[in-house]
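Down below is the structure, laid out as structure tokens.
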Amino acid sequence: MSRLATMVMHDARLQFRYGIYAAYAFVVAFYVVALVSLSSQLPSWVPAFIVFSDPAALGFFFLGALMMLERSEGVRAALATTPLTVLDYLGAKMLTLTTVAVASSMALHLASGREGNVILLAAGVALTSVQYIGIGIPIALRFKTVSGYLMGSAGFLTPVIAPAFLALLDPFPAWLAVIPSIGQFRLLLIATGATEGSVQEVVWLLAICVAAAIGAIFLAYRSMRLELGR
């Protein structure tokens, strides 16, 4: 079995043991009930924003909590003595948490009862999740405890997500999408059918999301190389 596959299984077990999946399921179930009950009364952009904030905010916070728990149990110190690479560590985190994010987004979209493009939705959620996991890693390394991270990291995340509402502008200036949160939310608005977008706009938004995800991976890689020493 490859190192990455071993790390994915290891991370999945840790996330299950730490209650991350249970907490995620509770939050998603709450949103599903709300969407099923109130979908017809909600503005068309609300389901897209819930899908956007779910992988962004929840993945970001759960990642930090997981890394704090790993630190308290000496997991990363143990990993530093194994043949595992930084890419193995990052890949496992991104694969497990992004898989959960995509699965939950499908449930949320189904609960909204709206038409959309599920392939575009999955791509948008996956790229958004990777970006926020990537930027979450260097932020998590600044904190020592779960409570400290949960309180302090909100100050980092809020200004990153806040501009996303500019994606609701009509007409939408395409240049605004260079701000990742705006481009990501706009892509999800199109994917969930809340607004229309041309092929050219979708390609432009996907390019922004891919660039943001790659940049976040590079940032996380540099941070973890300093942490693990390789």
Side-chain angles (χ1 to χ4, degrees), residues 1-29 51 53-108 122-150 152-153 156-157 209-210 212-230:
M1 186 179 295
S2 71
R3 295 193 308 264
L4 178 57
T6 301
M7 274 301 296
V8 167
M9 294 177 62
H10 168 76
D11 262 34
R13 285 194 297 267
L14 283 182
Q15 290 163 23
F16 178 80
R17 180 159 61 89
Y18 289 147
I20 287 177
Y21 294 152
Y24 213 104
F26 176 81
V27 174
V28 171
V51 169
S53 62
D54 185 64
L58 295 183
F60 179 89
F61 287 122
F62 284 142
L63 167 76
L66 177 62
M67 290 182 68
M68 296 302 103
L69 291 166
E70 284 181 344
R71 179 186 297 233
S72 67
E73 294 189 2
V75 172
R76 288 207 303 278
L79 290 176
T81 64
T82 70
L84 294 170
T85 67
V86 171
L87 290 178
D88 294 329
Y89 181 86
L90 294 178
K93 292 282 185 296
M94 290 181 176
L95 282 171
T96 52
L97 292 173
T98 296
T99 297
V100 174
V102 171
S104 67
S105 71
M106 294 297 111
L108 293 169
V125 169
L127 292 169
T128 302
S129 175
V130 167
Q131 185 209 312
Y132 285 94
I133 292 170
I135 65 174
I137 285 175
I139 294 173
L141 293 174
R142 295 172 175 264
F143 295 90
K144 304 295 184 183
T145 64
V146 174
S147 58
Y149 174 81
L150 293 177
S153 61
F156 290 95
L157 186 62
C209 293
V210 168
I214 291 173
I217 291 171
F218 178 73
L219 180 65
Y221 179 78
R222 288 189 60 186
S223 299
M224 285 309 304
R225 282 202 65 179
L226 294 174
E227 175 76 2
L228 297 180
R230 61 175 184 273

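Under the 4.5 Å side-chain criterion, counting only non-hydrogen atoms from C-beta, Q131 is not in contact with I214. Side-chain contact between V125 and M106: absent, with no pair of heavy atoms (C-beta onward) separated by less than 4.5 Å.
The heavy-atom pair separating A220 from G134 by the smallest distance is CB-O, 3.4 Å. Looking at every heavy atom in both residues, S104 comes nearest to Y24 through OG-CE2, 3.5 Å. Closest non-hydrogen pair, V28 versus L108, comes out as O-CD2, 4.1 Å. Here the closest non-hydrogen pair linking T96 and A12 is CG2-N, 4.3 Å.
With hydrogens and angles ignored, the 3.5 Å screen pairs no side-chain donor or acceptor of T98 with any backbone N or O of L95. The main-chain N or O of V102 is found under 3.5 Å from a side-chain atom of S105 such that the two form a donor-acceptor pair.
From I133, atom CD1 reaches atom CZ of F62 across 12.0 Å, with rounding to the nearest 0.5 Å. Atom CG of L90 sits about 8.0 Å away from atom CD1 of I217, to the nearest 0.5 Å. Within the model, atoms OH of Y18 and CG of D11 stand 10.0 Å from one another, a figure rounded to the nearest 0.5 Å. In this structure, K93 NZ and S129 OG are separated by 13.0 Å, a value rounded to the nearest 0.5 Å. Distance check, rounded to the nearest 0.5 Å: NE2 of H10 to OH of Y89 gives 8.5 Å.
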With side-chain contact (heavy atoms from CB on, under 4.5 Å) as the test, would you mind laying out the steps for M224 and L87 before giving the verdict? CA-CA 9 Å; M224 285 309 304; L87 290 178; over 6 Å; no
